[in-house]
Amino acid sequence: MTTDVMGAKLALFIGKDLAVILRDDRPGLLWADHWDLPGGGREGNESPLDCAIRETREELSLTIPPQIVTWGRAYQNSIGRTVWFFAAKLPAHHRDDIVLGDEGQRWDLMAPDRFLADPKVVPVFKPRLRDYLDGVNTQLFN
C-alpha cells in the first residue's frame, strides 16, 4: 500500500445484499443522486482499510472489524491516483444497526445483480464489484 492512496470504498454485504447510499442531489456534486458505496477520502496517514472502515462508521454507523474484510484490490482512478476497493460481509440482522450519517439522502440494501444493472449506480464501482464477484485478480486480507 503506497502513500499515493487517495481513498477507499467498501462493498459491504449485509446478508446477501449490498449496503448502498443514495448520494445527495446537489448541483456540482459528482454523481449526484446516484447509488454509492460506503467509503471516501483518506485522512492523514491512515491505511486504505482504516479509511474504508472509518468512512463506513461515519456514513452508516457500523463498526466493521478488520478481520471480516476478506478482499481488497488497488485501482487507479481517473487522475492516476490509487484508490482501494474492499469487500466484507455481515449477517443480515446488522441491517437494524444502520443509521445514515450526515451525507446522502438515504441508505438501502440492494441485490448485487440489481446494483450491476442499475443506471443510477456510480459507474466505476460496477466493474470493481464484478472483479470481487468473479474472483478476478483477488488479494486477500486477514
Side-chain angles (χ1 to χ4, degrees), residues 1-25 28-142:
M1 294 185 217
T2 70
T3 58
D4 186 40
V5 173
M6 188 171 185
K9 289 287 183 172
L10 179 64
L12 178 61
F13 289 83
I14 307 289
K16 295 180 181 179
D17 296 324
L18 281 168
V20 295
I21 301 165
L22 185 61
R23 292 175 62 82
D24 289 318
D25 190 14
L29 178 66
L30 188 62
W31 301 112
D33 202 37
H34 277 65
W35 290 106
D36 198 355
L37 296 170
R42 180 178 178 211
E43 292 183 359
N45 291 324
E46 70 186 349
S47 72
L49 182 55
D50 288 341
C51 173
I53 289 171
R54 174 186 50 77
E55 289 281 350
T56 301
R57 186 177 58 253
E58 291 174 1
E59 295 172 356
L60 296 176
S61 304
L62 292 174
T63 300
I64 305 300
Q67 62 271 21
I68 73 159
V69 178
T70 58
W71 187 90
R73 181 176 176 197
Y75 293 85
Q76 297 299 307
N77 67 10
S78 61
I79 60 172
R81 300 279 307 273
T82 301
V83 292
W84 276 81
F85 190 85
F86 294 100
K89 295 179 183 181
L90 285 173
H93 68 86
H94 283 281
R95 74 182 49 154
D96 298 333
D97 301 330
I98 298 174
V99 176
L100 185 65
D102 60 2
E103 293 180 17
Q105 300 177 61
R106 65 187 175 94
W107 69 271
D108 203 352
L109 296 178
M110 187 180 288
D113 58 340
R114 182 174 155 227
F115 182 89
L116 293 170
D118 194 315
K120 287 193 68 178
V121 166
V122 176
V124 70
F125 302 131
K126 291 179 181 186
R128 294 175 188 177
L129 181 64
R130 278 190 202 101
D131 284 350
Y132 167 69
L133 295 173
D134 293 343
V136 175
N137 296 316
T138 60
Q139 270 185 307
L140 295 179
F141 290 84
N142 294 319

For residues [X] and [Y], report the shortest heavy-atom separation together with the two atoms involved.
X	Y	answer
Val20	Trp35	CG2-CE3, 3.4 Å
Pro127	Pro123	CD-O, 3.3 Å
Asp4	Gly80	OD2-O, 3.9 Å
Pro38	Ala19	CD-O, 3.6 Å
Ala8	Pro48	CB-O, 3.3 Å
Gly40	Cys51	O-SG, 3.3 Å

* Asked: Which pairs count as side-chain hydrogen bond (donor to acceptor under 3.5 Å, both in side chains) when at least one residue sits in residues 95-104, sequence neighbours excluded?
  -> His94-Asp97
* **Within residues 54-66 or reaching into it, pairs that qualify as side-chain hydrogen bond (donor to acceptor under 3.5 Å, both in side chains) - sequence neighbours excluded** =>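 Qualifying pairs: Glu43-Arg54, Glu46-Arg54, Arg54-Glu58.
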Does [Y] offer a backbone N or O that forms a donor-acceptor pair with the side chain of [X] under 3.5 Å?
X	Y	value
Arg23	Trp31	yes
Lys16	Ala92	no
Lys120	Asp33	yes

* To do: Describe, in one word, how the ring planes of Phe86 and Trp84 are oriented to each other, choosing from parallel (under 30°), tilted (30 to 60°) and perpendicular (over 60°).
  => parallel
* Asked: So Phe85 and Phe125, would you call those rings parallel, tilted or perpendicular, with 30° and 60° as cut-offs?
  -> parallel
In Å and rounded to the nearest 0.5 Å, what is the [atom1] to [atom2] distance from [X] to [Y]?
X	Y	atom1	atom2	result
Ile98	Leu12	CD1	CG	7.0 Å
Ile68	Leu10	CD1	CG	7.5 Å
Gln76	Thr82	CD	OG1	4.0 Å

[Y] and [X], any side-chain heavy atoms less than 4.5 Å apart:
X	Y	answer
Lys126	Val121	yes
Val124	Tyr75	no
Leu90	Ile64	yes
Leu37	Leu129	no
Leu116	Leu133	yes

In chain order, what residues pass the salt bridge (charged side-chain N to carboxylate O under 4.0 Å, His left out) check against [X], with sequence neighbours excluded?
X	answer
Asp17	none
Asp25	none
Asp108	Arg106
Lys89	none

